[in-house]
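Keep in mind that this is a model prediction, so the values were computed, not measured. Worth knowing before you read on, the calculation uses all heavy atoms, side chains too, and leaves out hydrogens, waters and symmetry mates.
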Amino acid sequence: MTSLISVNHLNKSYGKKEVLHDINFDVSNQQIIALIGENGAGKSTLINILLNLISASSGTVNLLDSSKDLHEHIGVMMQQNISITRITVKEILKLTQSYYQHPYPYEDLIKLAGLKDLENSEMPKLSGGQKRRLSFALAVAGNPDLLFLDEPTAGMDSQSRTKFWQTIIDMKRQHKTIFVTSHYLAELESVADRIMILQNKSINFDGTLADLRNLEGEKLIEFDSELTPEIFQSLSEIIAFKHMGKHYQLTTKTAESLIKELTPYLTAIKNLQVKQNSLDSLFINFNKEGAQHE
Ligand SMILES: Nc1ncnc2c1ncn2[C@@H]1O[C@H](COP(=O)(O)OP(=O)(O)OP(=O)(O)O)[C@@H](O)[C@H]1O
């Protein structure tokens with residue numbers, strides 16, 4: 001497979017503050033890559049360096065085949081929406097398309113971004129979620145091979161989010177590669193082929209969700225019970241504990257041992273289920289462990 005992004009020994013400091021340290025990775029085509037990390041971990045900094053919007057302190061970044069015109073092949077949706085007065089959705093999209101040799105067909109583009117009913121609305125009059133959808137359409141307008149999306153669904157309602165991720169899966173089927181950052185891990189969980197965790201200035205995990213589950217070896221045990229939370233909270237095999245009323249959610253690395261510990265209470269437990277842990281909890285626990293090693 002061709003390497004679309006290749007990053008080697010990349011470092012970035014703002015003044016004396018080091019933000020990225022020895023970052024190395026390659027991205028090949030037709031993948032959805034999720035870059036995740038806590039606020040301030042350096043995700044936007046990394047994307048800005050990849051896009052050559054800011055410079056690295058040291059190291060190298062190669063994007064696409066060097067013979068290609070990057071402008072024609074890369075689409076970008078940054079965290080901030082742009083807004084221009086007295087220009088409609090249709091006008092800005094048509095204008096943007098005119099800068100590209102092989103733009104995404106206009107009718108497909110507005111359908112894709114769910115903007116058909118807003119074609120004649122002026123940019124500043126769009127709601128936050130609608131502006132986000134327009135930013136996405138602008139990123140796709142040139143029909144790029146490689147898309148960078150920084151917090152794409154921030155401000156979108158739940159229906160728009162679901163539709164948005166379905167569109168991203170469709171784009172992957174059209175042989176596009178998508179590099180995305182988001183704090184909505186439940187959404188990324190169902191679409192990402194590859195997860196990269198940026199923590200303590202470095203990429204400390206790079207693999208699939210299954211790899212992360214194997215690494216962390218965590219399982220969720222869920223059940224309903226009338227018993228008091230103190231009973232379950234004191235079990236020795238749990239690493240995280242949540243309850244909402246009678247519904248309990250325990251995270252453990254040793255499901256069998258925890259079920260043994262629960263045995264005395266089984267008559268007061270209903271709907272017991274052992275589940276795979278979510279990306280959200282895996283990420284929280286990964287970060288807790290990372291903080292302990294700092
Ligand atoms: N222009 C700048 N000058 C100085 N420090 C900066 C600058 N831009 C970012 N930083 C710092 O670099 C660190 C990484 O910021 P960055 O915006 O890359 O994080 P992020 O992971 O994208 O965060 P978030 O999830 O909140 O968007 C933060 O500590 C931030 O304060």
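The CD1 atom of Ile195 lies 11.5 Å from the CD1 atom of Ile32; values are rounded to the nearest 0.5 Å. Residue Leu262 holds its CG atom at 9.5 Å from OG1 of Thr252, rounded to the nearest 0.5 Å. The structure places NE2 of His102 at 7.5 Å from NE2 of His73, a figure rounded to the nearest 0.5 Å. Note that NZ of Lys90 is 12.5 Å distant from CG of Leu109, once rounded to the nearest 0.5 Å. Interatomic distance, OG of Ser281 versus CG of Leu185, reported as 9.5 Å (0.5 Å rounding). Met123 CE to Thr88 OG1: the interatomic distance, rounded to the nearest 0.5 Å, is 9.5 Å.
Side-chain polar atoms of Ser236 and Glu261 form a donor-acceptor pair below 3.5 angstrom. Asn271 and Glu222 share no side-chain donor-acceptor pair at under 3.5 Å. Side-chain polar atoms of Ser160 and Arg133 form a donor-acceptor pair below 3.5 angstrom. Residues Asn287 and Gln199 have side chains that bring a donor and an acceptor to within less than 3.5 angstrom of each other. Using modelled atom types, one finds no donor on one side chain facing an acceptor on the other under 3.5 Å when comparing Asn277 with Arg213.
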From CA spacing to verdict: side-chain hydrogen bond (donor to acceptor under 3.5 Å, both in side chains), Glu72, Tyr99: CA-CA 9 Å; Glu72 284 290 330; Tyr99 291 114; over 6 Å; no
Worked check of side-chain hydrogen bond (donor to acceptor under 3.5 Å, both in side chains) between Asp170 and Thr167: CA-CA 5 Å; Asp170 292 344; Thr167 306; 5.3 Å; no
Derivation of the salt bridge (Lys or Arg N to Asp or Glu O under 4.0 Å) call for Glu18 and Lys12: CA-CA 6 Å; Glu18 189 181 48; Lys12 173 70 184 174; over 6 Å; no
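When side chains are defined from C-beta on, Val19 does not count as touching Lys201, because their heavy atoms never get closer than 4.5 Å.
Across Ser182 and Thr153, no two heavy atoms sit closer than the pair OG-OG1, 4.4 Å.
Judged by a 6.0 Å distance limit and a 45° cone about the ring axis, Lys242 is not positioned over the six-membered ring of Tyr248.
Lys116 meets the side-chain contact (heavy atoms from CB on, under 4.5 Å) test with Glu107, Ile110, Glu119; sequence neighbours excluded.
Phe283 and Phe205 have their aromatic ring centers separated by at least 6.0 angstrom. The ring of His247 has its center no closer than 6.0 angstrom to the ring center of Phe223.
Aromatic ring orientation, Phe164 versus Phe136: perpendicular (interplanar angle above 60°, classes split at 30° and 60°).
Residue pairs meeting the side chain to side chain donor-acceptor pair (under 3.5 Å) criterion with at least one partner in residues 36-48, sequence neighbours excluded, are Tyr14-Thr45, Asn39-His183, Ser44-Gln79, Ser44-Asp150.
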